[in-house]
Undergrad: 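One structure, pasted below without further comment.
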2 protein chains.
Amino acid sequence: MPTPHYGQPRYRVIAAQLRNRIESGAIPPGTPMPTENALTVEFRASRGTIRRAIAVLREDGLIGTQHGRGSHTNAMPNPKQTTLNVEEKRGVSANAELASLFGVEIGTALIESQSVTREDSRVIKVARIYRLQDAEV
Amino acid sequence: MPTPHYGQPRYRVIAAQLRNRIESGAIPPGTPMPTENALTVEFRASRGTIRRAIAVLREDGLIGTQHGRGSHTNAMPNPKQTTLNVEEKRGVSANAELASLFGVEIGTALIESQSVTREDSRVIKVARIYRLQDAEV
DNA sequence: AGAAATTTGTCCGTATGTATC
DNA sequence: AGATACATACGGACAAATTTC
């Protein structure tokens, strides 16, 4: 068979279909994936191509694979929806503690960038990062 | 030829040797890597094995590859050495601002975890992450 | 501009090694 | 021990992007 890969290569097309099955819930979290052999039959693709497709899903964290056992869908790390952040920058003066850490005088100008993480609109984490003003992003 | 991969598979051994060449400066940043064909000759390995070794280096960010052109070593993003962190946790009381963000009363106990990033022993970044006490890690 | 050569990308088939059941 | 399933490796073929002539 020739090897024309118009647009998307086969392994990506197969990966997309498998991804669909997982994200749609057809293969629930924690359940085993079909074996490589079964997939070669279903998609009429060589084992190498199937393995590449599986590798894509593994890199994306959708499945895990164990030697001799097989692949299984992962329990999604974020079943709760909308864990997003917003960021905000402002200038602050170094207090005694920060001044000591940075090795500068008290009152030196710092940049504080704050990001807030929410889980279902509830704030669960606030991160503040302090840098000297001269630092390149 | 048989395919015994005692300990490390061939593609990892080859990747390690190439990595050495890059990190030692034998192949300076920004210069082209040997072609896949040249590497198959040098290491007496199949092209597939060579390609896997190259993929390892690419995933590690040491090289870049372009279709039809070849691979080239990357300019290291951090020529400065020792960008490391230390972490430290302590309990704090929510001030007005944090209390407002978390939607709790002023004075509520929070956990502050602080990490300090240094570049050549100089502090360049201080990050503070605040969470509620009930949060799971 | 166009053809040829070079180089990486995809795919197949097969064989063997290694871990698990 | 045997069967099953994933891991590594080889060789060959063709596709696609780039460079060279």
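In what follows, every chain begins at residue 1, and chains take the letters A, B, ... in the order their sequences are listed.
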Undergrad: Are B:Leu57 and B:Tyr11 connected in the hydrophobic side-chain network, where two residues link if heavy atoms are under 4.5 Å apart?
TA: no
Undergrad: Please determine if B:Arg52 and B:Glu59 form a salt bridge, counting it only when a charged side-chain N lies under 4.0 Å from a carboxylate O.
TA: no
Undergrad: Measure CD1/B:Ile14 against P/D:dC10 and give the value in whole Å, please.
TA: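 Distance, rounded to whole Å: 7 Å.
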Undergrad: When you measure from the side chain of A:Thr65, which nucleotide among C:dG9, C:dT20, D:dC6 comes out closest?
TA: D:dC6
Undergrad: If you check every side-chain atom of B:Pro9, which of C:dG9, D:dT8, D:dC10 has the closest atom?
TA: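 The nucleotide sitting nearest to the side chain is D:dT8.
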Undergrad: Check the phosphate of C:dC11 against A:Tyr11, side-chain N and O only, distance under 4.0 Å to OP1 or OP2. Yes or no?
TA: no
Undergrad: Expressed as a whole number of angstroms, how long is the span from B:Glu36:CD to C:dT10:P?
TA: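 The distance from CD of B:Glu36 to P of C:dT10 comes to 11 Å, rounded to the nearest Å.
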Undergrad: Below 4.0 angstrom, which residues in residues 46-55 of chain B have at least one non-hydrogen atom near DNA chain C?
TA: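 Of all residues in residues 46-55 of chain B, the ones placing a heavy atom under 4.0 Å from DNA chain C are B:Arg47, B:Arg51.
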Undergrad: Starting from P on C:dT6, measure out to CD on B:Gln66 and report it in whole angstrom.
TA: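 For the pair B:Gln66 CD and C:dT6 P, the rounded distance is 20 Å.
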Undergrad: Are B:Thr65 and B:Arg58 close enough, and set up right, to give a side-chain hydrogen bond (donor to acceptor under 3.5 Å, both in side chains), and what steps lead you there?
TA: CA-CA 8 Å; B:Thr65 306; B:Arg58 190 168 43 233; 2.8 Å; yes
Undergrad: Rounded to whole angstrom units, what separation is found between the CZ atom of B:Arg44 and the P atom of D:dC10?
TA: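 Distance, rounded to whole Å: 12 Å.
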Undergrad: Transitively linked via ILVMFWY side-chain contacts under 4.5 Å: A:Val123 with B:Leu110?
TA: yes
Undergrad: If every non-hydrogen atom of B:Ile106 is compared with every non-hydrogen atom of B:Ala94, which pair is closest and at what distance?
TA: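 Closest approach of B:Ile106 to B:Ala94, heavy atoms only: CG2-O, 3.6 Å.
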Undergrad: By side-chain contact (heavy atoms from CB on, under 4.5 Å), which residues pair with B:Ala45, not counting sequence neighbours?
TA: B:Arg10, B:Ile14, B:Phe43, B:Thr49, B:Ile50
Undergrad: How many Å lie between CZ on A:Phe43 and P on C:dT10, as a whole number?
TA: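 Rounded to the whole Å, the gap is 18 Å.
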Undergrad: Can you figure out which of C:dG17, C:dG9, C:dT10 approaches the side chain of B:His67 most closely?
TA: C:dG9
Undergrad: Rounding to an integer number of Å, can you tell me how far A:Gln8 CD sits from D:dA15 P?
TA: 19 Å
Undergrad: Would a hydrophobic clustering, with Ile, Leu, Val, Met, Phe, Trp and Tyr connected at side-chain separations under 4.5 Å, put A:Val56 with A:Ile63?
TA: no
Undergrad: Rounded to whole Å, how long is the line connecting atom CG of B:Leu57 with atom C1' of C:dT8?
TA: 16 Å
